[in-house]
Amino acid sequence: HTTNNSVFIDIGSNMGLYTQNIAHMINKKTKIKIISIDANPINNFRLRENLKLLKYKTPNIFSYVKIKNCAVGNHNTLLNLDFSKGLANGYISKDKKNISVKCVKLLNIVNKEKLDYITNLKIDIEGFEDKVLITFFKNCKKKLFPKNIILEHSSKKEWKYNLLKFLFNYGYKEIFRNKANIILSLT
């Protein structure tokens, strides 16, 4: 659910399916800040080009949508990403022949963007979701807990920690689930 003055963070945005749909809601009465994050520069280029199509509706679209070209993780570091399985399925690799990308903690991104709250957060980063969210929740103020989370759980076999149990313990309730995603809402 997106309302005026919402903040939406799209982690693992790919070409921006979620980002573009939320951005399309922006108008004179509905202002939404969007932080769209993907580690793959090709995906970010495609997202930027796709968002340009919304300029007829929202001429200053890029004042509402910030595109971040980085991975999100539990440390600020450099990672190697392997995109051999396709642009939508990049994963962390120890093979230095792959793309080297900057990895930033979510809290660092939130602080850099001077966010006071997060309305909705979508995260789909091929099994790295637990590391990102657990690090974020353990280090941020409660006012930054997203009201709603769309979480890819189809890669949970890659998780080191039981992220769903962790989030349920923080007060989230399951709203919807399918084979790939779960939607959680803070109660």
Side-chain angles (χ1 to χ4, degrees), residues 1-2 6-14 16-19 21-22 34-40 43 68 70-95 98-99 101-113 115-187:
H1 186 315
T2 304
S6 289
V7 174
F8 174 66
I9 299 179
D10 188 354
I11 304 172
S13 60
N14 198 291
L17 177 67
Y18 285 86
T19 293
N21 278 301
I22 300 297
I34 301 170
I35 311 298
S36 185
I37 308 164
D38 199 273
N40 189 329
N43 286 340
K68 302 285 186 182
C70 63
V72 182
N74 54 339
H75 299 289
N76 295 321
T77 187
L78 285 177
L79 295 175
N80 297 307
L81 292 182
D82 185 334
F83 292 101
S84 62
K85 294 181 181 179
L87 294 178
N89 298 307
Y91 61 94
I92 295 169
S93 168
K94 294 184 182 187
D95 190 344
N98 297 305
I99 296 173
V101 297
K102 181 172 63 170
C103 181
V104 181
K105 290 189 245 179
L106 178 56
L107 187 56
N108 291 63
I109 293 169
V110 167
N111 288 337
K112 185 173 183 177
E113 292 299 320
L115 300 179
D116 293 322
Y117 59 91
I118 301 166
T119 315
N120 301 293
L121 181 141
K122 188 266 314 173
I123 183 166
D124 174 355
I125 51 175
E126 311 307 318
F128 218 64
E129 296 85 2
D130 63 326
K131 293 163 192 69
V132 169
L133 291 181
I134 290 172
T135 300
F136 177 74
F137 277 88
K138 286 184 173 182
N139 292 287
C140 76
K141 294 178 181 172
K142 190 172 183 176
K143 70 177 188 166
L144 288 174
F145 292 2
K147 289 182 183 172
N148 302 292
I149 299 174
I150 301 171
L151 169 68
E152 181 191 44
H153 66 86
S154 59
S155 297
K156 68 181 176 188
K157 65 184 177 301
E158 305 292 329
W159 294 350
K160 185 174 178 181
Y161 308 100
N162 186 336
L163 178 57
L164 292 176
K165 182 178 178 184
F166 177 87
L167 292 170
F168 293 148
N169 287 338
Y170 269 76
Y172 285 89
K173 300 289 181 216
E174 180 177 328
I175 303 301
F176 173 82
R177 179 190 300 239
N178 63 22
K179 290 181 182 178
N181 298 296
I182 185 169
I183 299 176
L184 304 170
S185 188
L186 190 58
T187 55

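A distance of 9.5 Å separates CZ in F145 from CG in L167, rounded to the nearest 0.5 Å. Rounded to the nearest 0.5 angstrom, N108 CG and C103 SG are separated by 10.0 Å. If you take OG on S6 and CD1 on I118, they are separated by 12.0 Å, rounding to the nearest 0.5 Å. For the atom pair CD1 (I123) and CZ (F128), the distance works out to 10.0 Å, reported to the nearest 0.5 Å. The structure places CZ of F8 at 7.5 Å from CG of L121, a figure rounded to the nearest 0.5 Å.
Partners of A39 under the side chain to side chain contact (heavy atoms under 4.5 Å, CB included) rule, at least two apart in sequence or in another chain, are A71, L81, V101. Looking at residues two or more places apart in sequence or on another chain, you find a ring pair (Phe, Tyr, Trp, His ring centres under 6.0 Å) between F166 and Y170. Residues forming a side chain to side chain contact (heavy atoms under 4.5 Å, CB included) with L17 (at least two apart in sequence, or on another chain): N21. In terms of the side chain to side chain donor-acceptor pair (under 3.5 Å) criterion, residue partners of S154 (sequence neighbours excluded) are, by chain and number, E152. Residues meeting the side chain to side chain donor-acceptor pair (under 3.5 Å) test with N74, sequence neighbours left out: none. By the side chain to side chain donor-acceptor pair (under 3.5 Å) test, S84 is found to be paired with D82, residues two or more places apart in sequence or in another chain being considered. Residues that satisfy the side chain to side chain donor-acceptor pair (under 3.5 Å) test with E113, not counting sequence neighbours, are K68.
A heavy-atom distance below 4.5 Å is not found between the side chains of C140 and L106. No side-chain heavy atom of I37 sits less than 4.5 Å from a side-chain heavy atom of S13. Counting heavy atoms from C-beta outward, N80 and I99 have side chains that stay 4.5 Å or more apart. No side-chain heavy atom of I34 sits less than 4.5 Å from a side-chain heavy atom of V7.
Open room surrounds OH on Y161; 12 or fewer heavy atoms of other groups in view lie less than 6.0 Å from it.
The minimum heavy-atom distance between G127 and E158, with the atom names listed, is CA-CB, 3.7 Å. Of all heavy-atom pairs spanning D38 and N14, the tightest one is OD2-N, 2.8 Å.
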Tell me which donor-acceptor pairs under 3.5 Å the side chains of residues 180-187 have, and how far apart each pair is, sequence neighbours excluded?
| residue | atom | partner | partner atom | Å |
| --- | --- | --- | --- | --- |
| S185 | OG | N148 | OD1 | 3.0 |
| T187 | OG1 | G171 | O | 2.8 |

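Residues in residues 161-178 take part in these salt bridge (Lys or Arg N to Asp or Glu O under 4.0 Å) pairs, two or more places apart or across chains: E174-R177. Each side-chain hydrogen bond (donor to acceptor under 3.5 Å, both in side chains) pair with one or both residues in residues 121-147, not counting sequence neighbours, appears once here: D10-K122, E129-W159.
A donor-acceptor pair is defined here as one N or O able to donate and one able to accept, closer than 3.5 Å; no such pair exists between the side chain of N120 and the backbone of I149. A distance-only check finds no donor-acceptor pair linking the side chain of H153 to the backbone of L164 [under 3.5 Å].
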Self-check item: Pair I9-L115, side chain to side chain contact (heavy atoms under 4.5 Å, CB included): steps then yes or no
Solution: CA-CA 11 Å; I9 299 179; L115 300 179; 3.9 Å; yes
Practice problem: Check the pair F136, V110 against side chain to side chain contact (heavy atoms under 4.5 Å, CB included), reporting the backbone distance first and the verdict last. | Solution: CA-CA 10 Å; F136 177 74; V110 167; 4.1 Å; yes
